[in-house]
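Remember, it's 1-based here, ligands and their atoms both numbered in the order they're listed. Hydrogens, waters and symmetry mates play no part in the numbers below; they use all other heavy atoms, side chains included.
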Amino acid sequence: MQKNQLAGHFKLPPVDKQLDIHSTRCAKAAFLPDRLDLSHNLPASIPAFYRHFQRRQVLDPVRKIELIHKKIDVYYYYQDIYIQVNLKKKNGKKMRLGIISALHEEQQGLMEAMQDATTTSHGGRVYTHGKLWGIDAVCVLSRIGKVAGAVTATLLVEKFGVTHILFTGVAGAGDASIAVGDIVVADALVQHDMDASPLFPRFEVPLSGLSHFPGDHAMALQLLAAAHGFLEHDFMDVVDAGQRAAFKLQQPRVHRGLIASGDQFMHDRHVIQALNAALPGLVAVEMEGAAVAQVCFELGIPCAVIRTISDNANEDAATDFLTFVSAVAAHYAFYIVRRYCQGLAEHGF
Ligand code: ADE
């Protein structure tokens with residue numbers, strides 16, 4: 001098969017777009033490896049042809065200097081997903097983690113655990129800065145919806161200097177295989193209520209050429225490990241038998257996939273089934289993640305979204321949601337973030 005046939009088959013972008021370098025962030029020399037073999041950083045789902053293409057993208061010393069001088073970061077483009085390559089500690093700056101939740105219950109435990117906490121009110125939100133298990137962190141409640149998520153993420157970066165953003169919260173199941181009590185980590189995020197068709201394809205953010213915004217690969221892997229650790233070691237102690245029975249939480253699982261966000265609480269099985277058919281790989285629906293991911297993508301900040309499934313996005317969604325958040329999800333968020341921060345601290349972040 002010819003390369004252009006393959007490109008058509010996999011919808012590869014034109015060659016000059018395959019390596020797309022367009023960030024304004026600087027990677028310090030010490031943190032750039034001499035040879036950057038990206039094949040290790042790519043999800044296994046990427047077709048073999050493309051992995052082969054990626055394997056050839058190694059940095060020779062000249063290219064490395066060029067990257068440093070132009071203060072640019074590296075993005076790879078695959079289908080309509082940009083893959084951001086992590087160059088570890090940007091500018092040699094120590095990590096400052098922004099943690100956003102939509103609801104008070106989801107963040108209360110973290111606020112209580114924070115050491116040396118100081119608070120700043122700005123734009124109707126309270127930003128709490130301090131240490132979480134050794135990690136420099138800023139916690140904030142975004143409130144609900146895409147605009148709320150976007151403005152919170154922007155301020156975390158521009159005013160509070162965070163280097164990474166983590167969104168924790170709850171979501172409705174985006175697929176019949178996903179159950180209440182499962183945990184989902186975003187590979188990519190899409191705004192399901194974005195539709196400027198016929199001017200632009202459904203879901204595409206006009207004039208960006210993108211519908212799917214990436215979750216940071218390294219953060220996602222660390223969160224997956226934290227989520228598995230939580231289910232294996234903490235879950236039975238933290239969620240009591242009564243709650244497990246009430247919410248039919250038998251053997252919760254961890255999933256990775258596409259999260260769709262929109263300014264709607266989804267509560268109709270027909271709507272969620274249609275969305276699932278329109279968005280392959282959909283695992284969850286919520287109301288902020290994709291907006292945060294777009295802001296982070298545009299500002300060159302790694303971000304991750306982790307959600308506990310609170311309901312099936314059907315007619316029972318509202319009842320399940322309210323009780324689940326306070327009784328169960330708050331525990332999930334606390335223990336997973338604790339494991340995540342402890343893991344980061346062990347690796348010297
Ligand atoms: N967050 C939790 N459940 C949700 C749902 N069903 N729709 C949108 N956001 C949610």
Colleague: Which atoms of ligand 1 sit under 4.0 Å from any heavy atom of Asp311?
Modeller: 2 (C), 3 (N), 4 (C), 5 (C), 6 (N)
Colleague: Of the backbone atoms (N, CA, C, O) and the side-chain heavy atoms from C-beta on, which set of Ser310 has a member under 4.0 Å from an atom of ligand 1: side chain, backbone, both, or neither?
Modeller: side chain
Colleague: Could you point out which residue of Thr120, Asp136, Asp116 forms a side-chain hydrogen bond (donor to acceptor under 3.5 Å, both in side chains) with His129?
Modeller: Asp136
Colleague: Which one of Asp268, Val180, Asn314, Val285 has a non-hydrogen atom at the shortest distance from atom 10 (C) of ligand 1?
Modeller: Val285
Colleague: Are Val283 and Val285 linked, directly or through other ILVMFWY residues, by side chains that come within less than 4.5 angstrom of each other?
Modeller: no
Colleague: Is the closest heavy-atom distance from Arg307 to ligand 1 below 4.0 Å?
Modeller: no
Colleague: Using a strict cut-off of less than 4.0 Å between a Lys/Arg side-chain nitrogen and an Asp/Glu carboxylate oxygen, indicate whether Glu288 and Lys146 qualify as a salt bridge.
Modeller: no
Colleague: Begin from the C-alpha positions of Thr152 and Arg125 and carry the test side chain to side chain donor-acceptor pair (under 3.5 Å) through to its verdict.
Modeller: CA-CA 8 Å; Thr152 309; Arg125 292 180 181 78; 3.1 Å; yes
Colleague: Looking at ligand 1, would His267 count as a contact under a 4.0 Å heavy-atom criterion?
Modeller: no
Colleague: Among all protein heavy atoms in this structure, tell me which lies nearest to atom 7 (N) of ligand 1, with the distance rounded to 0.1 Å.
Modeller: Met266 N, 2.8 Å
Colleague: If you measure only the distance, is there a donor-acceptor pair under 3.5 Å linking the side chains of Ser261 and Glu286?
Modeller: yes
Colleague: Among all protein non-hydrogen atoms, which one is nearest to atom 5 (C) of ligand 1, and what is the separation to 0.1 Å?
Modeller: Phe265 CE1, 3.5 Å
Colleague: I'd like to know whether Ser101 forms a side chain to side chain donor-acceptor pair (under 3.5 Å) with Glu106, so could you lay out the CA-CA distance, the side-chain angles of the two residues, the decisive distance to 0.1 Å, and finally the verdict.
Modeller: CA-CA 6 Å; Ser101 314; Glu106 295 165 335; 4.7 Å; no
Colleague: Only heavy atoms of Ala313, strictly under 4.0 Å: list the atoms of ligand 1 that pass.
Modeller: 6 (N)
